[in-house]
Amino acid sequence: MSTHLLVTGGAGFIGSNFIRLALAARSDWTIVNLDALTYAGNSSNLSDIPAEQAERYRFVHGDIGSRELLQDLFSASPLDGVIHFAAESHVDRSIHGPAAFLTTNVAGTFNLLETARACWEEGGLSPHFRFLHVSTDEVYGSLGPVGYFSESTAYDPSSPYSASKAASDHFVRAYHRTYGLPVLVTNCSNNFGPYQFPEKLIPLIILNICEGKTLPVYGDGRNVRDWLYVVDHCEALMRVFEAGRPGETYNIGGGSERQNIEIVHSLCELLDRRLGRSGERSSRHLVRFVADRPGHDRRYAIDASKIRGELGWQPRHSFETALEATVEWYLSHGVWIEAIRSGEYRRWIERQYGCTIGKG
């Protein structure tokens, strides 16, 4: 029998990678992708799906803030699951405009939960229905030099973004405990890979190196993140959706801790070899340390032993291999890059990092 899914935010970075993987790996899955196409959502991320897979895919332009639209989508045919990616997801933007994060991440998730609950109680969903809420390790706050986030780590969000995701996590779990809705929550570490909007560190640095532009690095550059290749993340999400225990949380990490400045230097080395730069022309000379952002968490690191032990998942790609593949993707997708690097994007970078993105 076919599995019918509603994916929210499927035109974004992680969502589009998930849809690509799911359609290719599960020939019995059909997917409706609901996305509002805000600045980081891009329907062209999925424009080249193979024809035989496209028959099982439908895009709906709309907002999870519309209860009427959600009711229509839930009632169209019995759903087997919701994979909920839709979110405002950039910390810097949340500092300048927190209201949008409250609206989308908290109220939008509430709308989804309420619609799912009503259909669940009325028997309008598959008996195998699951609601998978995709969240972040940022809800846990900041770690010291040792230790790891586990599923039992207390929440301690530092930014409006992480606070909004923490609130949505709590709502999702509450709907399981109060109403019996079969939910699953995942909290992942920093993702990277194809189709990531270039305000995030890795694509920003790749593109600026290629163009000989300033490489802005917050503070002293020694903030540590656990890096997770988006393909590995999406495989983990499929595993959680299919085999996770309702009501449970699963932390998903890449096991690849790196300082931000290490990431920047690695990208300089990778691209300098490609571009024939060395010595005084090395891209490292483009690095500029800029004022740190408020509430910048010092270190994140994930303990992924639960998903590894219960569901048998672990990353398939090494950090080095995945970083090279990511560089390759951006170098070969110039048309995609130019289509999304609008004037609004350029103004944002200049405003956020306190510098122009011109030469040097």
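Nothing fancy with the numbering, it's 1 onward along the sequence.
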So do [Y] and [X] actually touch side chain to side chain, heavy atoms under 4.5 Å?
{"X": "Ile261", "Y": "Phe289", "answer": "yes"}
{"X": "Asp272", "Y": "Ser278", "answer": "no"}
{"X": "Leu215", "Y": "Cys268", "answer": "yes"}
{"X": "Met238", "Y": "Glu235", "answer": "no"}
{"X": "Ile64", "Y": "His84", "answer": "yes"}
{"X": "Phe197", "Y": "Asn42", "answer": "no"}
{"X": "Leu237", "Y": "His233", "answer": "yes"}
{"X": "Asn190", "Y": "Ile202", "answer": "no"}

When the ring planes of [X] and [Y] are compared, do they come out parallel, tilted or perpendicular, using 30° and 60° as the limits?
{"X": "Phe129", "Y": "Trp120", "answer": "tilted"}
{"X": "Trp227", "Y": "Phe319", "answer": "tilted"}
{"X": "Tyr300", "Y": "Phe149", "answer": "tilted"}
{"X": "Tyr229", "Y": "Phe192", "answer": "tilted"}
{"X": "Trp329", "Y": "His333", "answer": "parallel"}
{"X": "Trp29", "Y": "Phe18", "answer": "tilted"}

For [X] versus [Y], what's the shortest heavy-atom pair and its separation?
{"X": "Gly276", "Y": "Arg281", "value": "O-NH1, 3.4 Å"}
{"X": "Ala243", "Y": "Leu311", "value": "O-CD2, 3.5 Å"}
{"X": "Ser283", "Y": "Arg277", "value": "OG-NH1, 3.0 Å"}
{"X": "Arg298", "Y": "Asp220", "value": "NH2-OD2, 2.9 Å"}
{"X": "Leu275", "Y": "Cys210", "value": "CD1-CA, 4.2 Å"}
{"X": "Thr214", "Y": "Asn208", "value": "O-ND2, 2.7 Å"}

Does any donor atom in the side chain of [X] or [Y] lie under 3.5 Å from an acceptor atom in the other side chain?
{"X": "Ser44", "Y": "Ser47", "result": "no"}
{"X": "Trp313", "Y": "Asp232", "result": "no"}
{"X": "Asn17", "Y": "Tyr195", "result": "no"}
{"X": "Asp80", "Y": "Thr3", "result": "no"}
{"X": "Ser168", "Y": "His133", "result": "yes"}
{"X": "His4", "Y": "Ser126", "result": "no"}
{"X": "Tyr175", "Y": "Glu114", "result": "yes"}

Any donor-acceptor pair under 3.5 Å linking the side chain of [X] with the backbone of [Y]?
{"X": "His61", "Y": "Leu34", "value": "no"}
{"X": "Thr8", "Y": "Ala86", "value": "yes"}
{"X": "Ser16", "Y": "Phe13", "value": "yes"}
{"X": "Thr321", "Y": "His317", "value": "no"}
{"X": "Ser162", "Y": "Ser159", "value": "yes"}
{"X": "His176", "Y": "Leu181", "value": "yes"}

Are the charged groups of [X] and [Y] less than 4.0 angstrom apart, N to O?
{"X": "Arg222", "Y": "Glu262", "value": "no"}
{"X": "Glu138", "Y": "Lys165", "value": "no"}
{"X": "Glu269", "Y": "Arg273", "value": "no"}
{"X": "Asp48", "Y": "Arg20", "value": "yes"}
{"X": "Arg130", "Y": "Glu248", "value": "no"}
{"X": "Arg225", "Y": "Asp297", "value": "no"}

Practice task
Identify the residue among Asp156, Thr153, Asn251 that makes a side chain to side chain donor-acceptor pair (under 3.5 Å) with Tyr140.
Solution key: Asn251
Practice task
Examine Arg299 relative to Tyr148 and say whether NZ or CZ is less than 6.0 Å from the centre of the six-membered ring and inside a 45° cone about the ring axis.
Solution key: yes
Verify same cluster id: [X], [Y] (apolar side-chain graph, 4.5 Å):
{"X": "Leu79", "Y": "Val240", "result": "no"}
{"X": "Val231", "Y": "Val134", "result": "yes"}
{"X": "Leu5", "Y": "Ile14", "result": "yes"}

Handout entry: side-chain contact (heavy atoms from CB on, under 4.5 Å) partner of Phe131, the single match among Ile83, Val185, Val183, Leu125
Key = Val183
Fill in the blank from the handout: Residue set satisfying ring-ring contact (aromatic ring centres under 6.0 Å, His included) with His128, at least two apart, ordered chain then number -> none
Exercise for the section: Using a cut-off of 6.0 Å, state whether more than 12 heavy atoms not belonging to Glu68 lie near its atom CD. Expected result: no
Exercise for the section: Flag yes if more than 12 heavy atoms outside Phe171 fall under 6.0 Å of its CZ atom; otherwise flag no. Expected result: no
